[in-house]
4 protein chains.
Amino acid sequence: MARGVNKVILVGNLGADPEMRHTGGGTAVTTLNVATSESWTDKQSGEKVEKTEWHRVKMFGRLAEIAGDYLKKGRQVYIEGSLRTDKYTGKDGIERYSTDIIASEMQMLGGNDGGGGGQRSQGGGQRQGGGNYGGPSRGNDQGASRSSPPPADNGFADDEIPF
Amino acid sequence: MARGVNKVILVGNLGADPEMRHTGGGTAVTTLNVATSESWTDKQSGEKVEKTEWHRVKMFGRLAEIAGDYLKKGRQVYIEGSLRTDKYTGKDGIERYSTDIIASEMQMLGGNDGGGGGQRSQGGGQRQGGGNYGGPSRGNDQGASRSSPPPADNGFADDEIPF
Amino acid sequence: MARGVNKVILVGNLGADPEMRHTGGGTAVTTLNVATSESWTDKQSGEKVEKTEWHRVKMFGRLAEIAGDYLKKGRQVYIEGSLRTDKYTGKDGIERYSTDIIASEMQMLGGNDGGGGGQRSQGGGQRQGGGNYGGPSRGNDQGASRSSPPPADNGFADDEIPF
Amino acid sequence: MARGVNKVILVGNLGADPEMRHTGGGTAVTTLNVATSESWTDKQSGEKVEKTEWHRVKMFGRLAEIAGDYLKKGRQVYIEGSLRTDKYTGKDGIERYSTDIIASEMQMLGGNDGGGGGQRSQGGGQRQGGGNYGGPSRGNDQGASRSSPPPADNGFADDEIPF
DNA sequence: TTTT
DNA sequence: TTTT
């Protein structure tokens, strides 16, 4: 039961290898840094412009394991998921927000270069049963490609709850 | 496991009351006729033009029951699903195709007029590995990590293929 | 030209009236606060849980004007857009990120309560470079008038109308 | 203006080379045959099952030309579009329906094998009835960070950052 | 056949 | 008819 649709669809490339960790309870948690870019020719200057958007994608359980095992920097992926914005209070006492994409489905695109082409997986649908949702996530993400990753000072600790 | 994405998203109105039936195995099967329309002013004639597209949406199990119980002609719905084209041979011996949208998610939109505003439901995920289709999806897909899986009272048992 | 897909689809309710302003150049800029929520019954506690996600949606130009004119707090909307994360440096010198959804399409849902039911609008599609599309659209979009289109398979032969 | 959302998203492989033709008016029309498949292990038999869905995708204008020029059998593509069902009357006098996906966006996936990796294109938006859209979108969308705004010949000038 |  |  719910009221609303919260859906994200991405096709992009990984800016870094996946970062996989496990919660105390043993659940795999993988974070991807996915780039989607677009380019166009500026009308006035006539110059080619490119803008890249970076997305922090998190996945859990089986999906996280597959991503951790098969994905690599540069690989193209299809991601379906939902937006989740966490609120946290900085050391300066100011509330801030950090937005992630929680993947519910993932599809590796392109050829079989490397480890695992053509895999597809579906998440456990945590979003619908959140259970012990809640716990924010701490800095398990910034990809190498991230020119400047999200605050490491998010100031919260996750010792068991995946996020 | 799979290779590909096959996704449909509709927001439209029901052109008729839902048609619900049950398979021999007891699985509910509901068909919706959903209209999506768009209108614009023709550039040349200056006349207002309207075009309506009609979609046949099918759903199974719990989702079918909710739709059958709460939806009515005229009601606005959000549908998420996938395309399925069936081939059949006409009496004239010619092969033809018929395309349906198999709903995996449904959301009633608009106010609480009539029976059920604000309900939302998710299909059993038959499309993603639910065994022999229509095959019960009980327990499919929740990640190992799931401390508390989705609502899921959808543990229905159909021994017959719903379609 | 581009490489990647960056798409967001929301169906939710406005948590507040839209905020519209104009740039010095006269472009309307409207910000919406959209809630998408889901609820479920926790398996262990048996309690009903609800989680609401808030999304900051921005729109420009004609779309912003329509939203500003017709939307109101509580209204249900369909939003399609893309994610954009801005980097900024706080007063403390720490870089932070803020994520918005840039709407390219909007649809008011539900009945005609208040100002404007049933409106729909599309952004300029600036992100993808409508630019030199120019491609003639002749013949596109008819169909309504088509009484007898595509033959059985692909092998159709029509000499003027594209489909 | 419109009421409804009619959206299809596909990621699949071409089962054949694109078929391109031109209308009498010179508009390019390309048809793609796109496969999306999924496989799973049957619960009861334990056998691996695979099901492939075939989609007929049509595109027009510039998009059709790009597809015709760069796509080839086997190539993986992302397609975004809408459903259109045509009614026609067979020789036997029976009315039938044929469903196509009218592409509004296309993205070639995978490596640069052959002609054109990493291209992306957008349709002319014929589905919206181009008509009096008119609404200028110039200046939309460029973020503060945006070094140079989108293509946008759509007509207005803002000298100030919209947000 | 819906809806605006 | 594709792909893995």
Side-chain angles (χ1 to χ4, degrees), chain A residues 70 78 107-121, chain B residues 1-6 10-19 31-40 48-57 71-79 85 87 109-111 113, chain C residues 66 70 78 107-121 153-155, chain D residues 1-6 10-19 31-40 48-57 71-79 85 87 109-111 113:
Chain A
Y70 293 102
Y78 167 90
Q107 164 102 30
M108 305 182 204
L109 303 175
N112 236 16
D113 44 45
Q119 310 284 343
R120 183 209 209 170
S121 313
Chain B
M1 252 167 293
R3 185 170 184 83
V5 172
N6 173 3
L10 300 179
V11 173
N13 296 81
L14 270 67
D17 285 343
E19 295 179 28
T31 302
L32 306 179
N33 224 336
V34 177
T36 57
S37 57
E38 42 185 330
S39 62
W40 66 92
K48 200 181 168 189
V49 194
E50 172 151 9
K51 187 174 190 306
T52 296
E53 199 64 42
W54 288 97
H55 311 271
R56 187 168 59 212
V57 178
L71 289 180
K72 285 199 177 144
K73 177 177 176 175
R75 182 92 198 219
Q76 194 178 29
V77 285
Y78 168 89
I79 296 286
T85 298
K87 187 178 13 178
L109 304 175
D113 45 46
Chain C
I66 294 173
Y70 293 103
Y78 168 89
Q107 165 103 31
M108 304 182 205
L109 304 175
N112 235 17
D113 45 44
Q119 310 285 345
R120 184 210 208 165
S121 312
D153 303 29
N154 295 4
Chain D
M1 249 168 294
R3 186 170 185 84
V5 172
N6 173 1
L10 301 178
V11 173
N13 296 81
L14 270 67
D17 285 342
E19 294 179 29
T31 303
L32 307 179
N33 224 335
V34 177
T36 57
S37 57
E38 42 185 331
S39 62
W40 65 90
K48 200 182 169 189
V49 194
E50 172 152 8
K51 185 173 192 309
T52 296
E53 199 64 43
W54 288 98
H55 311 272
R56 187 168 58 211
V57 178
L71 289 179
K72 285 197 178 148
K73 176 176 175 175
R75 182 92 198 221
Q76 193 178 30
V77 285
Y78 167 90
I79 296 286
T85 298
K87 185 175 22 176
L109 303 176
D113 44 45

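Letters A, B, ... are given to chains in the order of the sequence lines, protein chains preceding strands, and every chain is numbered from 1.
Rounded to whole Å, the distance from NZ on K51(D) to C1' on dT4(F) is 17 Å. Look at CD on Q76(B): it is 10 Å from C1' on dT2(E), rounded to the nearest Å. Between Y78(D) atom OH and dT2(F) atom C1' there is a gap of 20 Å when expressed in whole angstrom units. Counting to the nearest Å, the C1' atom of dT3(F) and the CG atom of L109(A) are 12 Å from each other. Taking atom CG of residue N33(B) and atom C1' of nucleotide dT1(E), one finds them 7 Å apart after rounding to whole Å. Residue D17(B) contributes atom CG, which lies 12 Å from atom P of dT2(E) at whole-angstrom precision. Separating the NZ atom of K72(B) from the P atom of dT2(E) is a distance of 16 Å, rounded to the nearest angstrom. Protein atom CE of M108(A) is 14 Å distant from nucleotide atom P of dT4(F), rounded to whole Å.
Of the candidate nucleotides dT1(E), dT3(F), dT3(E), dT1(E) has the atom nearest to the side chain of K73(B). With dT4(F), dT2(F), dT2(E) as the candidates, the nucleotide lying closest to the side chain of A35(D) is dT2(F). With distances taken from any side-chain atom of E50(B) to the nucleotides dT1(E), dT1(F), dT4(E), the minimum falls on dT4(E). The A16(D) side chain lies nearest to dT1(F) when the options are dT2(E), dT1(F), dT1(E).
Considering every non-hydrogen atom in both T52(D) and S37(D), the closest pair reads OG1-CB, 3.3 Å.
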Side chain to side chain contact (heavy atoms under 4.5 Å, CB included) for I79(B) and L32(B)? Distances and angles first, verdict last.
CA-CA 10 Å; I79(B) 296 286; L32(B) 306 179; 4.1 Å; yes
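Taking a 6.0 Å sphere around CD of E50(D), one finds it holds more than 12 heavy atoms contributed by other residues, nucleotides or ligands.
Looking at heavy-atom distances under 4.0 Å, T52(D) makes contact with a base.
One finds the CG atom of N13(D) at 5.0 Å from the CZ atom of R3(B) (value rounded to the nearest 0.5 Å).
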